[in-house]
Amino acid sequence: MSNFRKTIISNAEKQFLIKNLRESTRLDGRAFNTIRDLKIEFGKDWGCCNVSLGKTKVLAQVTCDLQEPKSNRPSEGTLNINLELNPMADPSFEAGRQSDLSAQLNRLLEKCLKDSKAIDLESLCIQMKKRVWSLRIDLNVLNHDGNILDCASIAALAALSHFRRPDVTSDGVEFKIHSIEERDPIPIVVYHYPVYITYAIFSGGDFLVVDPTLLEEGVAEAFLSIGLNSYDELCGLHLGGKAQLSTNVILEITNKATKHACGIINLIKKGVELDTKKKLSAKETGFHKGNLKETNDSLSKLSISLDHWTTTKTSKKKKKSLKLNTVEEINNDCRMECDDINQPNHEVIRDLGVQTTELVHKGTKGEWIIIDSDSEEGANPNSSQNDIIFVETSKVETIKVQGSDSEEENVIIVCESNQEKNVSKSPKKKKAT
Amino acid sequence: MASSEFPQLKCELGVLSKSDGSAALAEGESVMLASVCGPIEVKLQKLLTDKTSVECCYRSKAAEGIQDRFRETILKNICETALMASLHPRSSILVNLQEMQNGGQLLSCAVNAACLACLNAGVDMKFTFAAVSCFLNKFEEFSFVPPINENEVKALFVLVFNSTTGSIIASHTEGSFTTEQFQHGLKLCREQSQFVFKFFKESVINFDKDIE
C-alpha cells in the first residue's frame, strides 16, 4: 500500500540529475545554495497565512481557546502543532491518516518552535492551575513540490507572529473573553524566530543542495535540516537518510544556512508588520483582496505554449509575440478583446492578467432589498472603488510593483531579492570543496 | 427598496502543480481552493466495477468538525451526478477542497470552486453546476451578500443548478421560512446562476487564451 498513487522516479531521471549536479547545475537553474522564491500572503483573520516556497504551498491558521493547564506546568499555556498531509498536496497522501512523514514533520516542527522556547508560554497563563490559553497551529499542505518542512516552519512562524488572541478578564470565578470589537486583541510574545533550512545530500556527501524540489528529494540519499534563528543560534538539527558527513562539512553548511535563515526571518517580520499596520488602520485585507494571480515567469509560459504547439497560422502569430517576451502586450490584446465582447453586457469581466479573471457587476436589480442600507451603502462604493484602482495597477505592473509598498496593495507579496547574488558564487565554492 | 449586489467573483485556474486541475475562487469574502485529480488508481474497498468512485475531501482552516464531513457529502453527491462516472470504471476521481477564508457563503463557494477545478482538470462532465447562496434576514428581506451581523440571518438557501436544463441538483437550507419565501428565493437564485455560469465560461476561455 505504500506505493499507492506514488509517482515513480525513473533511473534515467536519477542519472540525469546526478550528472547535472556533477556539472554544478540544477534542473531548475538554481545554484546549489539558492532557495526558491518565497511568498507570504496573509488572510483576513488574525494568524492566517499562505506561504509558497516555489511551488510548495502551505496554509497556516492559529486558533486559541481556554483550557486547564497541565499539572506539571501549572503556569504555562500550551502550544500544539498539527500538520496535515491531504490528498490535495499529493494524491498519494491519505486524508486523516497519520503517516511516517507527517509524524516526522510534526515532531521536527515541535522541536523547532516549542522545544527551543520561541513562544512565551507563561504569558498565556490567565490564572495558575485554573485557566491558560491553548494555542493550536493548523498547517495544511496545499501543494507538494518538495521541502515541506521549510515551508511549513515558515508558515507556522509567520502565522504565530501575526496572530492576536482576544483579551480576557476574570472576576475570580468566571472568565470573560472579550470579542475583537470590544477590546483590542493582544499579540503573542515571540522571543526568537526559528526556521528550518533543509539540504539534500547526494552521492555520499559530495553534493549538498539547499531547498530540494520533489524530484531532488526523490533522488537524494540523505537530508540535513537545520533549525536556526536570527541570532545564529541552533534550534534543531536533523540528519535523515544514509550519508557520512564530517563535522567540518556540517559546520560549514550551518554557516551557509544562517544567511538564508536571516533573510527569511526578515521577510516574515516585514510581512507581518505591513499586514498588521493595514489591519489596524481598518483597511480591508485578506485573500479575496489579492489579485488571485500567480507570478508566472516567461519560461513556464513558453513551456505551456510548447505543449500546444501547432503549425497553423494563428498560433504562429502568438509564438512571435511570445518570443518578444512582452507579456504586457499579450495581456493588452486579450483585455481589449474582452472589453469589446463585454461592453454591452450587464456586467464586466475583467482580465487581471495571466489565468485570472474578475466579474464586476454593474447593473443593479430593483427587486432585492438590502439590510442595513446605510452602513452597507457607505461601505460598498469604497470597497469597489478600491478594487478598481487595484486592478488598474495590476494591469501595468510586473512583479517588482507587487513588492513595493503601494497603498492600494492588499496582499503582501514578498519576493526574495538577495538570492541572485549567490548564484555566481556558489558553484565555484563547490569546486573548491 | 435598496439594491442588492451579488458578491464579486474572482478566480484563478491551475494554481497547483500536483493536481490535474485546480481553481482558487473568491466569492465575496469567502475564498476556496479546489483541486481535482483523476481518473486515478482506486483503493480496493472503494472500487466500483461499473463507474468511477468520486472521493471528496473537504478541509477547513482550523480544527475539523462534523460540518466538514457534512459539506463533503453534499459535494460528493453533486460531483457524482455531474461527472460522467460511467466512462472510467475501476478508477477514482479525487475532489479536494480547502477553505482559505470564511466570508459567510462557504458552501456555495466550495461548489463553484469544485466545478471550476473539474473544468480545469478536463474530466468529462454531463453538465456544469453553479451554486448560489441567498440569505433571508429577520426583516424578511432577501440578499446575496451575508449580513454583517450573523444573528440577523433568519434562513439561508444554497441552491445548485444544472447548466443545461436549469433544474436544481442540490438544495441546502438552514433556518425557518415559508414555502412562498423558498419559491421566491429559488427564483432569485436561478436568475443569478446564469451570471455564475457566464463567469465560468469567461474564466475558462481566458485561461485557454493565456496558454495558447
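Just so it is clear: chains get the letters A, B, ... in the order the sequence lines come, proteins before strands, and each one is counted from 1. Just so you know, these numbers come straight off a predicted model, no measurement behind them.
Most heavy-atom pairs under 4.5 Å with chain A, from the set C57(B), C37(B), A62(B), S30(B): that is A62(B). Each of H144(A), Q61(A), M88(A), E84(A) has some count of heavy-atom pairs under 4.5 Å with chain B, and the biggest count is that of M88(A). Among D145(A), I137(A), D90(A), T63(A), the residue making the largest number of heavy-atom pairs under 4.5 Å with chain B is D90(A). Counting heavy-atom pairs closer than 4.5 Å to chain A, the top-ranked of the candidates S35(B), S22(B), S19(B), A34(B) is S35(B). Ranked by non-hydrogen atom pairs under 4.5 Å with chain A, the options S17(B), G28(B), G103(B) are led by S17(B). Highest contact tally toward chain A, considering only K138(B), R59(B), E27(B), is held by R59(B) [criterion: heavy-atom pairs under 4.5 Å].
Here the rule is ring-ring contact (aromatic ring centres under 6.0 Å, His included) with F157(B), and of F135(B), F177(B), F144(B) only F177(B) fits it.
Using modelled atom types and a 3.5 Å distance limit, the side chains of T56(A) and N147(A) yield no donor-acceptor pair.
Residue A60(A) does not touch chain B at all, counting heavy-atom pairs closer than 4.5 Å. If you measure heavy-atom distances from L139(A) to chain B, you find no contacts under 4.5 Å at all. With a 4.5 angstrom heavy-atom cutoff, S52(A) does not touch chain B via any of its atoms. Proximity to chain A is limited to the backbone of V42(B), based on heavy atoms less than 4.5 angstrom apart. Of the atoms belonging to I205(B), not a single heavy atom falls under 4.5 Å from chain A. Interface residue S60(B): only backbone heavy atoms are found under 4.5 Å from chain A. Contacts between L94(B) and chain A at a heavy-atom distance below 4.5 Å involve the side chain alone, from C-beta outward. L59(A) touches chain B through its side chain: at least one heavy atom from C-beta onward sits under 4.5 Å away, while N, CA, C and O do not.
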Mind listing the side-chain donor-acceptor pairs of residues 42-50 of chain A below 3.5 Å, one per line with the distance, residues two or more places apart or on another chain?
{"residue": "K44(A)", "atom": "NZ", "partner": "E29(B)", "partner atom": "OE1", "Å": "3.1"}
{"residue": "K44(A)", "atom": "NZ", "partner": "N102(B)", "partner atom": "O", "Å": "3.2"}
{"residue": "D45(A)", "atom": "OD2", "partner": "K61(B)", "partner atom": "NZ", "Å": "2.5"}

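In this structure, the side chain of S193(B) does not engage the main chain of A130(B) through any donor-acceptor pair within 3.5 Å.
Taking SG of C64(A) as the reference point, atom CZ of R165(A) lies at 8.0 Å (rounded to 0.5 Å).
Considering only heavy atoms from C-beta on, S133(B) stays 4.5 Å or farther from L107(B) through its side chain.
Residue pairs meeting the salt bridge (Lys or Arg N to Asp or Glu O under 4.0 Å) criterion with at least one partner in residues 91-112 of chain B, sequence neighbours excluded, do not occur; the list is empty.
Atom NZ of K279(A) has more than 12 neighbouring heavy atoms from other residues, nucleotides or ligands inside a 6.0 Å radius.
Annotation for Q101(B) and G286(A): closest pair OE1-CA, 3.4 Å, computed over non-hydrogen atoms.
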